[in-house]
Amino acid sequence: MKRKIRLFLNTKNPVMLSNQKQLFSISDDVIYLNGAYMSPQLKSVEEIGISSLKQKGDPAAILPKHFFEQRAILKQCFAELINTSALNIAIIPSVSYGIANAANNVLLQKGDEILLVDEQFPSNVYAWNHVAEKNNAHTKIVLHPSGTTNRAKKWNELILNAISNKTAVVAMPHAHWADGTLFDLKAIREKTNLVGAKLIIDGTQSVGALPFDVNELQPDALICGGYKWLMGPYSLGVAYYNESFFEGTPIEHNWMNRYESENFAKLVDYQDQYKPGAERFSVGESSNFVLTPMLTRAIEQLLEWKPESIQEYCHEISKNAISKLRDLGCFIEDDDFRTKHLFGIYLADHMNMSMIKKKMAENNIIVSFRGNAIRISPHLYNTKEDFETLVRCFE
């Protein structure tokens, strides 16, 4: 089950991909620009899900080894995607579960600060509010700057300036879920190292479509839901925990994560010892015979495409439309400070949101509305023509 780790983060020379819509189970009747909400299903993932579902019709064929084989393959695939060791990977049911495991194993003192960014997804907020209150610490939110000039650049500077000797944790996304604003994790990691703070990243809206290199960025934890940019099923995700968590206490105690749990005949010889690495943080029943192979196949497809090539494809099909929208007066974050697979359109004052929504509905364009932004999130199933249709809704 060992797989060679491949370094793929050569963003200078991505391979230009062609449209891949034929690989997805997605209707031709809609223009789906909403991958940040939920990815369409890959046909290959759907096929594996159906065949896996049928396996339980013959439970006698499900052997003890099958409880562990698919989990090991999934962990290795995700480790390859983010350039780390499978020893650091846990299988989780949700982002909130993965964040809770991190939050419950961070040492906090009275008066410590947990730094959050403005309007980030609640799964990376509620757990920190809870542990802050429990430990007489507090959360500190770095608000986004007013105005649009150099907005993301200023926001990153505000985050760096907010990290102090009081900071115990910085918990944030790589890219903002509402508008794709990119955060400079490398600089933030350097600052957190200076003050001894942990860096916990929610990668749900980035990992899979945007390159992420654990060796380069060195987060303490990286938590990813599986049903968005990892292209997998709902209710399964993956997480990275560095060595500082390896002696931590998980939020649940299931049998699979204990030492020698493969030996079913000795399961009642109860073990205090966990399996090595981050395995202790995997959810119970993570061998999930349907969802686990589905997420594995999805990540295998991403490894074939490569995230930097997905970024380049999304940039190529959207760049002309983005230029036209800016000419019409819309604000879209600077290209150097946003992701290409997810960006927000902020309307000019003279534009009517209700009218634009109506035109989108008439053209069967599916997007999300997050805060004041129209969130656009394309992938390899989209085309330049999709974006031309989108622009006409604003004209």
Side-chain angles (χ1 to χ4, degrees), residues 1 3 17-59 61-62 66-82 89 91-95 97 203-210 224-239 282-283 285-307 309-310 313-314 317 341-342 364-368 377-383 386:
M1 293 181 188
R3 297 164 62 102
L17 294 168
S18 60
N19 184 272
Q20 303 289 310
K21 188 173 182 179
Q22 74 280 2
L23 299 182
F24 290 87
S25 295
I26 184 170
S27 172
D28 290 329
D29 297 331
V30 300
I31 296 174
Y32 193 76
L33 293 167
N34 208 16
Y37 170 71
M38 183 180 296
S39 72
Q41 192 93 285
L42 281 159
K43 292 177 182 177
S44 59
V45 172
E46 183 178 289
E47 290 167 3
I48 283 179
I50 292 170
S51 63
S52 298
L53 181 65
K54 291 179 177 179
Q55 287 179 354
K56 197 169 184 291
D58 184 14
I62 301 175
H66 296 143
F67 283 79
F68 300 92
E69 287 180 345
Q70 283 295 328
R71 324 165 64 236
I73 296 171
L74 173 57
K75 289 167 63 177
Q76 184 59 53
C77 283
F78 184 65
E80 187 174 345
L81 184 67
I82 62 172
I89 306 303
I91 300 171
I92 57 174
S94 63
V95 172
Y97 187 100
T204 301
Q205 290 290 13
S206 54
V207 175
L210 182 71
C224 298
Y227 69 100
K228 296 180 186 284
W229 303 105
L230 290 179
M231 316 299 288
Y234 194 69
S235 296
L236 195 69
V238 270
S282 286
V283 66
E285 301 186 13
S286 57
S287 17
N288 192 310
F289 302 119
V290 178
L291 302 186
T292 298
M294 290 175 72
L295 183 54
T296 298
R297 175 64 197 114
I299 296 176
E300 287 174 343
Q301 181 63 73
L302 294 174
L303 289 168
E304 292 177 34
W305 284 332
K306 303 188 186 334
S309 294
I310 295 172
Y313 180 87
C314 291
I317 65 171
H341 70 285
L342 194 171
N364 290 328
I365 298 173
I366 310 299
V367 299
S368 285
S377 46
H379 207 273
L380 301 180
Y381 41 79
N382 293 116
T383 63
D386 291 344

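Reckoned from all heavy atoms, side chains included, excluding hydrogens, waters and symmetry mates. Quick caveat: nothing in here was measured; it's all calculated off a predicted structure.
- Looking at heavy atoms from C-beta onward, Ile82 lies in side-chain contact with Ile89 at the 4.5 angstrom threshold.
- Contact detail for Trp229 and Ala36: the closest heavy-atom pair is CZ2-N, 3.3 Å.
- Proximity of Glu285 to Asn288: side-chain heavy atoms (C-beta onward) are nowhere separated by under 4.5 Å.
- Looking at Glu300, its side chain never comes within 3.5 Å of a backbone N or O of Cys77 through a donor-acceptor pair.
- Summarising the geometry of Ser287 relative to Arg71, their closest heavy-atom pair is CA-CG, 3.7 Å, with the distance given to 0.1 Å.
- Nearest heavy-atom pair, Ser282 versus Ile91, reported as atom, atom and distance to 0.1 Å: OG-N, 3.0 Å.
- Using a 4.5 Å heavy-atom cutoff, the side chains of Phe78 and Leu230 are in contact.
- Contact detail for Arg297 and Glu304: the closest heavy-atom pair is NH1-OE2, 3.8 Å.
- Gln205 has its side chain within reach of Leu342: a pair of non-hydrogen atoms, C-beta onward, lies under 4.5 Å apart.
- At most 12 heavy atoms of other shown residues, nucleotides or ligands fall within 6.0 angstrom of atom OH in Tyr37.
- Side-chain atoms of Ser25 and Glu46 form a donor-acceptor pair, as typed in the model, at a separation below 3.5 Å.
- Using a distance-only test at 3.5 Å, with no hydrogens or angles considered, a donor-acceptor pair links the side chain of Thr296 to the main chain of Thr292.
- Proximity of a side-chain donor or acceptor of Asn364 to a complementary backbone N or O of Asp29 within less than 3.5 Å is detected.
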For this session: Show your reasoning for whether side-chain hydrogen bond (donor to acceptor under 3.5 Å, both in side chains) applies to Asn19 and Tyr313.
Result: CA-CA 8 Å; Asn19 184 272; Tyr313 180 87; 3.0 Å; yes

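- Separating the CD atom in Glu47 from the OG atom in Ser52 is a distance of 11.5 Å, to the nearest 0.5 Å.
- Ring geometry for His379 against Phe24 counts as perpendicular: the plane angle is over 60°, on a 0 to 90° scale with 30° as the lower cut.
- Side chain of Lys56 to backbone of Ile62: no donor-acceptor contact under 3.5 angstrom is found.
- Rounded to the nearest 0.5 angstrom, Tyr381 OH and Leu33 CG are separated by 8.0 Å.
- If you take CD1 on Ile366 and CE on Met38, they are separated by 13.5 Å, rounding to the nearest 0.5 Å.
- Rounding to the nearest 0.5 Å places OG of Ser51 at 13.5 Å from CZ of Phe289.
- The main-chain N or O of Leu23 is never found under 3.5 Å from a side-chain atom of Ser44 such that the two would form a donor-acceptor pair.
- A search for side chain to side chain contact (heavy atoms under 4.5 Å, CB included) contacts involving Thr204 returns Val95, Asp202, Lys228, not counting sequence neighbours.
- Considering every non-hydrogen atom in both Pro378 and Cys314, the closest pair reads O-SG, 3.6 Å.
- Looking at Lys21 and Asp28, their side chains come closer than 4.5 Å, going by heavy atoms from C-beta outward.
- Atom CG of Leu302 and atom CD1 of Ile310 lie 5.5 Å apart (nearest 0.5 Å).
- Closest approach of Leu210 to His341, counting heavy atoms only: CB-CE1, 4.0 Å.
- Judged by distance alone, the side chain of Glu69 and the main-chain N or O of Phe67 form no donor-acceptor pair under 3.5 Å.
- In this structure the side chain of Pro307 reaches within 4.5 angstrom of the side chain of Leu81, judged on heavy atoms.
- Tyr97 contributes atom OH, which lies 13.5 Å from atom OG of Ser235 (distance to the nearest 0.5 angstrom).
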